[in-house]
Number of protein chains: 2
Amino acid sequence: MVGRGFVDARGDAGQICGMSIAIDVVGGKWKMHLMWVLAEGPVRFGQIRRKLDGVSEKVLAENLRQLEASGVVHRELYAEVPPRVEYSLTPLGVELNKALAPLEIWGDQNRDALASRPGISAS
Amino acid sequence: MVGRGFVDARGDAGQICGMSIAIDVVGGKWKMHLMWVLAEGPVRFGQIRRKLDGVSEKVLAENLRQLEASGVVHRELYAEVPPRVEYSLTPLGVELNKALAPLEIWGDQNRDALASRPGISAS
DNA sequence: GGGGCTACTTACCAAGAGGTTCGAAATATG
DNA sequence: CATATTTCGAACCTCTTGGTAAGTAGCCCC
């Protein structure tokens with residue numbers, strides 16, 4: 001997990017930065033994108049996998065479980081055959097998504113300025 | 001870097017998610033905190049290191065260079081002995097920080113709800 | 001009976017992010 | 001002369017993250 005180990009990062013007030021917590025939740029390669037896909041409503045595992053071209057099933061399942069454990073994603077298992085699982089955002093997840101939006105907008109607006117920079121995949 | 005490899009993550013519109021770009025810039029263990037520290041004004045290397053208790057000098061220098069390469073941080077070297085280097089935010093960096101704020105607030109507001117969750121360091 | 005469907009799980013592997021240690025470079029101080 | 005200061009660069013190691021490939025579990029269809 002990306003945000004792990006931020007334990008000692010404190011601001012001037014002496015309390016742990018809220019950012020650390022956010023990164024603990026959505027840090028990693030796919031979690032933010034996952035939140036974005038989930039925002040559209042209940043989605044099935046296979047649907048997500050097709051939307052996020054490039055994720056391996058292992059990592060997708062892992063990340064979904066972690067988001068569920070963090071309380072931002074709800075997992076609903078239907079005991080059918082073949083099995084069906086639907087993922088959706090919890091109220092907390094919806095709030096998180098709202099907080100994520102400005103970052104999305106910033107990246108979008110400065111896409112051109114950043115595209116030429118090294119290490120940025122804005123092709 | 002955390003956000004690397006988001007190349008194939010596209011939304012319904014078919015364009016690359018602005019989030020990918022943002023993560024390319026501030027992904028990683030320390031970059032977001034770095035931005036937070038830099039927000040207070042020009043800071044010297046040693047000052048940052050003392051604020052972010054736990055960073056190794058190598059990683060701090062690395063991250064600062066990467067933020068500089070991304071255009072969100074300005075690095076001013078004074079040719080003195082011993083050398084003095086001051087870091088500050090560029091206008092782009094200031095904008096990024098604004099976009100980062102809601103995430104910080106979200107983490108802060110839901111600190112208690114998230115503290116009990118596994119893998120979250122909100123002690 | 002073989003193959004497909006879904007949503008995983010397990011084992012293994014590679015890449016890279018981060019940490020540790022050492023040293024450079026020039027000057028001031030004891 | 002030895003030491004301290006400050007900001008790193010280089011070498012080396014470790015641990016985590018993510019990717020690959022295979023297998024699992026029932027039921028359906030041909």
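In what follows, every chain begins at residue 1, and chains take the letters A, B, ... in the order their sequences are listed. Computed over heavy atoms, backbone and side chain alike; hydrogens, waters and symmetry mates excluded. Quick caveat: nothing in here was measured; it's all calculated off a predicted structure.
- Comparing C:dG18, D:dC8, D:dT20 by their nearest atom to the side chain of B:Trp30 picks out C:dG18.
- Nucleotides of DNA chain C nearest to B:Glu62 and A:Leu64 differ in position, and the one nearer the 5' end is that of A:Leu64.
- Each of A:Ser56 and B:Lys58 lies near DNA chain D, and the nucleotide nearest B:Lys58 is the one positioned closer to the 5' end.
- Among pairs with a residue in residues 80-101 of chain A, those fulfilling salt bridge (charged side-chain N to carboxylate O under 4.0 Å, His left out) read A:Glu80-A:Arg84, A:Arg84-A:Glu86, A:Glu95-A:Lys98, at least two apart in sequence or across chains.
- Note: CG (A:Leu52) to P (D:dG19) measures 10 Å, nearest angstrom.
- Atom pair A:Arg49:CZ and C:dT6:C1' shows a separation of 9 Å (rounding to whole Å applied).
- As a whole-Å value, the separation of A:Glu68 CD from C:dA7 P is 15 Å.
- At the phosphate of C:dT9, OP1 or OP2 sits under 4.0 Å from a side-chain N or O atom of A:Arg65.
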Where along nucleotides 24-30 of chain D does protein come under 4.0 Å, by heavy atom, of base (B) or sugar-phosphate alone (S), with - for untouched nucleotides? --BS---

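- Contact record, B:Trp106 with A:Leu96: NE1-N, 3.3 Å, taken as the closest heavy-atom pair.
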Kindly determine whether B:Ile21 and A:Asn110 satisfy side chain to side chain contact (heavy atoms under 4.5 Å, CB included), including the steps that lead there. CA-CA 9 Å; B:Ile21 300 171; A:Asn110 300 100; over 6 Å; no

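- With distances taken from any side-chain atom of A:Glu57 to the nucleotides C:dT9, D:dC12, D:dC8, the minimum falls on C:dT9.
- Between B:Arg84 and C:dT27 there is no side-chain N or O to OP1 or OP2 distance below 4.0 Å.
- Contact between A:Ser88 and A:Pro42 at its shortest, heavy atoms only, is CB-CA, 4.2 Å.
- Taking 4.5 Å as the limit, some side-chain heavy atom of A:Lys51 sits within range of a side-chain heavy atom of A:Glu40.
- For A:Leu77 and C:dT9, the CG to P distance is 11 Å, given to the nearest whole Å.
- A heavy atom closer than 4.0 Å to some atom of DNA chain D occurs in B:Arg44, B:Phe45, B:Gly46, these being the qualifying members of residues 41-48 of chain B.
- Across all strands, B:Tyr87 comes closer than 4.0 Å only to sugar-phosphate atoms, never to a base (heavy-atom distances).
- Phosphate contact (OP1/OP2 of C:dG19, side-chain N/O of B:Lys29, threshold under 4.0 Å): present.
- Distances were taken from every side-chain heavy atom of A:Val85 (C-beta onward) to each of D:dT7, C:dA7, D:dG18; the shortest belongs to C:dA7.
- Summarising the geometry, the separation between CE on B:Met32 and P on C:dG18 is reported as 12 Å, rounded to the nearest angstrom.
- B:Tyr78 has its OH atom 25 Å from the P atom of C:dA25, to the nearest Å.
- The nearest whole Å value for the distance from the CG atom in B:Leu60 to the P atom in C:dT21 is 18 Å.
- With hydrogens and angles ignored, the 3.5 Å screen pairs a side-chain donor or acceptor of A:Lys31 with a backbone N or O of A:Gly27.
- Within the 4.5 Å cutoff, the side chain of A:Leu64 has heavy atoms near those of the A:Phe45 side chain.
- Atom CG in A:Asn63 sits roughly 16 Å away from atom P in D:dT16 (whole-Å rounding).
- A:Leu89 is not listed as a side-chain neighbour of A:Val72, based on a closest heavy-atom distance of 4.5 Å or more.
- Residues A:Val85 and A:Trp30 share a single hydrophobic cluster, defined by chaining ILVMFWY side chains whose heavy atoms lie under 4.5 Å apart.
- The structure places CD of B:Gln109 at 10.5 Å from CD of B:Glu104, a figure rounded to the nearest 0.5 Å.
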